Amino acid sequence: MKPARILTAPWRAVKNPLFLYQHHRQIHALRVALAFLFGLMINLSFPIQHGSWMLVTIVVMLGNVPHLGAVAQKTRQRTVGTTVGALAGLLALALYGVSPLLSFAWMVLVILLSAYHAIGKAGYTALTVGITLVIVAGVGDGTVDESLWRTANVALGSLISMLAASLFPQRALDHWRFLLSDNLRESALIYSHIARRVPLDTEAALGRFNTRLVAMRGLISAAASECEQSAVCFESIQRGQRTLYSLFDRMDDIAEKTALLADGGRQRQAIVKALFRAAHGIRFLHADLLLNALPEPQLKERTPGACDWLSAELSQTTRRLCDELLLLMPAILATQQTLLSLSKEDALRRLED
């Protein structure tokens, strides 16, 4: 191994998406703390007035938003809200010199509009407008100098937040695909146990599956933004996973009362293999692992039972999920780095294990 590669190995490991996913809580906490420390050093090093607003902005923007795509969305919304709110606040100060009542009426109107639009798609932007108005104008008797300092501090805090989010960036898209990989792997194990009548705590397994599914739902907006794709693609994959959940739940209810599959396990093996390959393909970004030729269900060998029909539906759902992931893969690859320490051979070897 080249000396340069040895020296950069720790850095490459830290930048690895899988490492960032596995330690996302610790990395997020460290990122927020470093951003706060940087803002604090700026306040102590330069004569910045009202510098606490910079620190408040950093904590608010980064506090519970660990993903780069979500931080970028929040920064854009906060920038628009801060600009509009600052202009509204400056106008309130100007009106106060004419008539305090006129200034208060203007502030109430802005807050009214802000609250009206706060419940909707532009909710955070509208809320930021109202907050910035109060920060800049106070009760109408502040000075323009104070207002400009507060506005500048909010803008600088937003910039620091974006820079911090770029440090060891955690992508919502990475988090989403790792959760999806875990669910596909869990699906393969659940189906394998149910089809072979092997005892399994299905309720616990489906509980883990559903917990990941709910977490993925909250990542869709940021993930779609990061890869510049419509959220419709991600919603379709969500529906496919909900179908898997429903099928496994129904299979578990009737498995003990019905006969084994009619084809001697060939269909089960094909579905399990396809799910495992899809799980590894989306985790390690190998599109060819999503190319699975699932055989058509053989329902004519005898009178098909409920499990046969459910397995046929499972086969179709698995094929559809793989096709949708295959279509989404180019967009993912365009924005992601592959796992640097894992080649395709490594992924296939893990799949065989």
Side-chain angles (χ1 to χ4, degrees), residues 17-18 20-21 24 64-70 72-74 120-121 123 170-191 194 202-252 271-272 274-287 289-292 294 310-336:
L18 185 56
L20 294 174
Y21 167 70
H24 65 278
N64 65 341
V65 185
H67 302 113
L68 182 60
Q73 284 181 329
K74 205 169 184 180
K121 293 184 65 176
Q170 293 175 260
R171 296 182 181 273
L173 188 56
D174 285 328
H175 202 158
W176 178 86
R177 65 187 179 87
F178 289 140
L179 288 171
L180 174 59
S181 174
D182 290 339
N183 264 1
L184 292 173
R185 183 178 178 84
E186 189 94 62
S187 297
L189 295 173
I190 292 173
Y191 177 60
I194 292 177
T202 310
E203 185 176 351
L206 289 177
R208 293 190 297 269
F209 185 102
N210 190 58
T211 298
R212 287 189 287 263
L213 190 59
V214 171
M216 290 174 67
R217 183 68 187 84
L219 298 170
I220 287 178
S221 178
S225 175
E226 289 174 1
C227 66
E228 299 180 349
Q229 293 291 306
S230 170
V232 174
C233 304
F234 294 87
E235 293 286 0
S236 180
I237 294 171
Q238 286 287 106
R239 287 194 297 272
Q241 292 184 86
R242 286 196 292 270
T243 301
L244 291 179
Y245 180 96
S246 177
L247 286 171
F248 295 143
D249 192 34
R250 288 152 61 191
M251 284 182 182
D252 185 54
I271 293 174
V272 169
L275 288 169
F276 272 128
R277 285 175 61 88
H280 281 70
I282 196 65
R283 177 178 288 265
F284 301 121
L285 298 178
H286 293 300
L289 293 179
L290 297 171
L291 297 170
N292 296 293
L294 285 169
L310 290 175
S311 293
E313 187 176 351
L314 176 61
S315 179
Q316 293 176 352
T317 303
T318 301
R319 184 185 295 110
R320 187 167 57 250
L321 269 174
C322 290
D323 290 343
E324 291 172 346
L325 289 173
L326 199 58
L327 291 174
L328 188 60
M329 184 64 79
I332 297 177
L333 289 172
T335 57
Q336 304 297 306

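Just so you know, these numbers come straight off a predicted model, no measurement behind them. Note that these values count all heavy atoms, side chains included, but never hydrogens, waters or copies made by symmetry. Along the sequence shown, residues carry numbers from 1.
In this structure, Leu189 and Phe276 have side chains that are in contact, with non-hydrogen atoms separated by less than 4.5 Å. At a threshold of 4.5 Å between non-hydrogen side-chain atoms, the residues Phe234 and Met216 do not count as touching. Under the 4.5 Å side-chain criterion, counting only non-hydrogen atoms from C-beta, Gln241 is in contact with Leu180. Using a 4.5 Å cut-off on side-chain heavy atoms (C-beta onward), Leu275 and Leu321 make no contact. In this structure the side chain of Asn210 reaches within 4.5 angstrom of the side chain of Tyr245, judged on heavy atoms. When side chains are defined from C-beta on, Phe209 counts as touching Leu244, because their heavy atoms get closer than 4.5 Å. Using a 4.5 Å heavy-atom threshold, the side chains of Glu186 and Arg212 count as touching. With a 4.5 Å cut-off on side-chain heavy atoms, Arg277 and Leu291 do not count as touching.
Closest approach of Pro330 and Leu327 over heavy atoms only: CD-O, 3.4 Å. Shortest non-hydrogen contact noted between Ile194 and Phe248 is CD1-O, 3.8 Å. Nearest approach of Ala279 to Ser181, heavy atoms of both residues: O-OG, 2.7 Å. Here the shortest heavy-atom pairing between Ala278 and Cys322 reads CB-SG, 3.9 Å. Contact between Ser230 and Ala224 at its shortest, heavy atoms only, is C-CB, 4.3 Å. Closest of all the heavy-atom pairs between Gly281 and Met329 is O-CE, 3.8 Å.
Electrostatic pairing of Arg217 and Glu235 counts as a salt bridge here, judged by a charged N lying under 4.0 Å from a carboxylate O.
Interatomic distance, CG of Leu184 versus NE2 of His280, reported as 11.0 Å (0.5 Å rounding). Rounded to the nearest 0.5 angstrom, Ile237 CD1 and Asn183 CG are separated by 12.0 Å. To the nearest 0.5 Å, atoms OG (Ser246) and CG (Leu310) are separated by 8.5 Å. With rounding to the nearest 0.5 Å, the separation of OG1 in Thr243 from CD in Glu313 is 7.0 Å. Atom CZ of residue Arg177 and atom CG of residue Leu285 lie 4.0 Å apart, to the nearest 0.5 angstrom. In this structure, CD in Glu226 is found 12.0 Å from NE2 in His175, a value given to the nearest 0.5 Å.
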Next on the checklist: Test side chain to side chain contact (heavy atoms under 4.5 Å, CB included) on Ile332 and Ile282; report intermediate values, then the result.
Outcome noted: CA-CA 9 Å; Ile332 297 177; Ile282 196 65; 4.0 Å; yes

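In this structure, Thr211 contributes its side chain and Gly207 its backbone to a donor-acceptor pair below 3.5 Å.
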